[in-house]
**Student:** 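Provided herewith is a single structure, encoded as structure tokens, for subsequent inquiry.
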Amino acid sequence: NRQVTYSKRRNGIIKKAKEISVLCDAQVSLVIFASSGKMHEYCSPSTTLTNILDKYHKQSEKRLWDAKHENLSNELDRIKKENDSMQIELRHLKGEDITSLHYKELMAIEEALENGLARIRDKQMEYYNMMKENEELVEEENKRLNYELHQKLMNIERGEMENGYHQQQRAADYQTTQMPFAFRVQPIQPNLQERM
């Protein structure tokens with residue numbers, strides 16, 4: 001009974017919130033939690049729940065968020081400022097917007113660029129040496145594989161030669177066993193050769 005009553009009343013309240021929003025052009029936000037923990041909400045199409053909560057916070061001067069949320073907000077602001085500062089520094093490193101910088105700031109940027117360039121060259125040399133080693137290993141592996149291929153080809157040729165010799169020997173043995181006598185074919189008309 002309570003569940004059915006809750007469902008009917010919830011639908012009625014949401015319907016009334018929609019009517020107030022449309023008929024009176026009011027900004028309405030409604031959040032309902034059932035005893036099961038399920039949430040139902042409605043918010044006017046012209047606004048968001050966050051905007052309504054911000055307005056409530058400002059007008060009522062009640063603290064909706066605890067200290068943890070405030071700390072997170074402060075941390076977010078700090079990170080945004082740090083990000084902006086890093087963006088400016090990055091533009092300076094690219095050589096943009098440096099007209100307003102002092103001599104010492106320009107020297108610091110130049111030193112940072114030289115250090116970065118030295119590290120990049122060291123990394124390039126490391127990659128170059130690694131590629132050289134890999135190239136040598138590949139060449140050694142290629143030589144070894146070529147040698148193995150050459151050996152296998154020689155073994156195959158040697159086997160074919162031996163097989164060919166044995167096949168020829170068998171053919172000769174077969175001929176001697178099958179044909180013990182040699183015959184000479186005589187022409188039927190011996191005089192034909194003389195006429196030509």
Side-chain angles (χ1 to χ4, degrees), residues 1-138 141-142:
N1 286 342
R2 292 179 72 186
Q3 185 62 36
V4 171
T5 304
Y6 166 75
S7 181
K8 286 180 181 177
R9 296 288 174 98
R10 182 197 70 221
N11 291 338
I13 290 173
I14 291 175
K15 184 179 177 186
K16 291 292 181 188
K18 287 179 182 177
E19 287 174 359
I20 290 173
S21 176
V22 172
L23 295 174
C24 304
D25 194 29
Q27 293 182 344
V28 178
S29 180
L30 176 67
V31 180
I32 303 172
F33 286 96
S35 57
S36 62
K38 189 172 182 183
M39 182 186 80
H40 298 276
E41 65 177 324
Y42 170 77
C43 191
S44 300
S46 60
T47 187
T48 63
L49 179 61
T50 308
N51 291 342
I52 288 181
L53 290 175
D54 284 341
K55 283 183 181 179
Y56 176 80
H57 181 74
K58 287 175 186 172
Q59 289 185 5
S60 68
E61 295 181 359
K62 290 183 181 178
R63 291 185 58 180
L64 295 177
W65 321 119
D66 58 2
K68 184 178 179 182
H69 288 100
E70 282 186 24
N71 289 339
L72 287 174
S73 178
N74 293 338
E75 182 68 13
L76 186 62
D77 290 339
R78 186 190 66 77
I79 289 172
K80 282 180 181 176
K81 286 177 186 174
E82 191 176 318
N83 186 34
D84 292 341
S85 172
M86 290 177 80
Q87 290 289 336
I88 291 169
E89 189 177 338
L90 183 61
R91 281 201 303 275
H92 290 164
L93 288 172
K94 288 181 179 178
E96 300 169 1
D97 300 333
I98 57 172
T99 53
S100 62
L101 297 178
H102 299 297
Y103 176 75
K104 288 183 179 180
E105 292 171 323
L106 290 172
M107 291 295 290
I109 290 173
E110 182 182 12
E111 186 179 341
L113 288 172
E114 286 175 356
N115 290 338
L117 189 60
R119 283 196 296 269
I120 288 170
R121 286 188 177 139
D122 290 343
K123 196 67 175 174
Q124 280 180 330
M125 188 56 73
E126 185 182 321
Y127 279 131
Y128 176 76
N129 291 335
M130 193 169 67
M131 287 173 59
K132 217 41 170 162
E133 286 178 19
N134 286 345
E135 188 178 328
E136 289 171 5
L137 289 173
V138 167
E141 183 69 13
N142 192 19

**Student:** Under 4.5 Å between any side-chain heavy atoms of Asp54 and Thr50, yes or no?
**Tutor:** yes
**Student:** Has the side chain of Asn11 got a donor or acceptor atom that lies under 3.5 Å from a matching backbone atom of Ser7?
**Tutor:** yes
**Student:** Please say whether more than 12 non-hydrogen atoms of neighbouring residues, nucleotides or ligands are located less than 6.0 Å from CD in Glu75.
**Tutor:**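 It does: Glu75 CD has more than 12 such atoms within range.
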**Student:** In Å, rounded to the nearest 0.5 Å, how long is the span from CG of Asn134 to CG of Asn129?
**Tutor:** 11.0 Å
**Student:** So how far is it from Leu101 CG to Leu106 CG, rounded to the nearest 0.5 Å?
**Tutor:**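 Spacing of CG (Leu101) from CG (Leu106) equals 5.0 Å.
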**Student:** Considering all heavy atoms of both residues, which atom of Ser21 and which atom of Ser44 are nearest to each other, and what is their separation?
**Tutor:**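 Closest heavy-atom pair between Ser21 and Ser44: OG-OG, 3.1 Å.
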**Student:** If you draw a 6.0 Å radius around CD in Glu89, do more than 12 non-hydrogen atoms from other residues or ligands fall strictly inside?
**Tutor:** no
**Student:** Got a sec, which residues hit side chain to side chain contact (heavy atoms under 4.5 Å, CB included) with Lys94, two or more places apart in sequence or on another chain?
**Tutor:** Leu90, Glu96
**Student:** Could you check whether any side-chain heavy atom of Glu19 comes within less than 4.5 Å of a side-chain heavy atom of Lys16, counting everything from C-beta outward?
**Tutor:** yes
**Student:** Report, as yes or no, whether the 6.0 Å neighbourhood of atom CZ on Arg9 holds more than 12 heavy atoms from other residues, nucleotides or ligands.
**Tutor:**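 For Arg9, atom CZ is not crowded (no more than 12 foreign heavy atoms under 6.0 Å).
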**Student:** Would the distance check show the side chain of Ser29 and the main-chain N or O of Cys43 forming a donor-acceptor pair, the cut-off being under 3.5 Å?
**Tutor:**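 Judged by distance alone, no pair lies under 3.5 Å.
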**Student:** CG/Leu117 to CZ/Arg119 distance, rounded to the nearest 0.5 angstrom?
**Tutor:**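 Nearest 0.5 Å value for the CG-CZ distance: 10.0 Å.
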**Student:** Show me the pairs that pass salt bridge (Lys or Arg N to Asp or Glu O under 4.0 Å) and involve residues 24-44, at least two apart or across chains.
**Tutor:** none
**Student:** Enter the distance from Met86:CE to Asn83:CG here, rounded to the nearest 0.5 Å.
**Tutor:** 7.5 Å
**Student:** Quick one, Met107 with Glu111, criterion side chain to side chain contact (heavy atoms under 4.5 Å, CB included). Give me CA distance, side-chain angles, the key distance, then yes/no.
**Tutor:** CA-CA 6 Å; Met107 291 295 290; Glu111 186 179 341; over 6 Å; no
**Student:** What residues form a side chain to side chain contact (heavy atoms under 4.5 Å, CB included) with Thr99, not counting sequence neighbours?
**Tutor:**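 Listed in chain order: nothing, the list is empty.
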**Student:** Hey, are the side chains of Ile88 and Arg91 touching, using non-hydrogen atoms and a 4.5 Å cut-off?
**Tutor:** yes
**Student:** Begin from the C-alpha positions of Asp122 and Glu126 and carry the test side chain to side chain contact (heavy atoms under 4.5 Å, CB included) through to its verdict.
**Tutor:** CA-CA 6 Å; Asp122 290 343; Glu126 185 182 321; over 6 Å; no
**Student:** Could you tell me whether a side-chain N or O of Thr48 sits under 3.5 Å from a main-chain N or O of Asn51, the two making a donor and an acceptor?
**Tutor:** yes
**Student:** Go through it in stages, so that I can follow the logic: the residues are Tyr6 and Ser35, the test is side chain to side chain contact (heavy atoms under 4.5 Å, CB included), and I'd like the CA-CA distance, side-chain angles, deciding distance and then a yes or no.
**Tutor:** CA-CA 9 Å; Tyr6 166 75; Ser35 57; over 6 Å; no
**Student:** Find out whether Gln27 and Lys55 are in side-chain contact, i.e. whether some heavy atom of one side chain is under 4.5 Å from a heavy atom of the other.
**Tutor:** yes
**Student:** Of all heavy-atom pairs between Ile109 and His92, which one has the smallest distance, and what is that distance?
**Tutor:**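 That closest heavy-atom pairing would be CD1-CB, 3.6 Å.
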**Student:** Are there more than 12 heavy atoms of other residues, nucleotides or ligands under 6.0 Å from atom CZ of Arg78?
**Tutor:** yes
**Student:** Mind checking whether Leu30 and Ile14 have side chains closer than 4.5 Å, heavy atoms only?
**Tutor:** yes
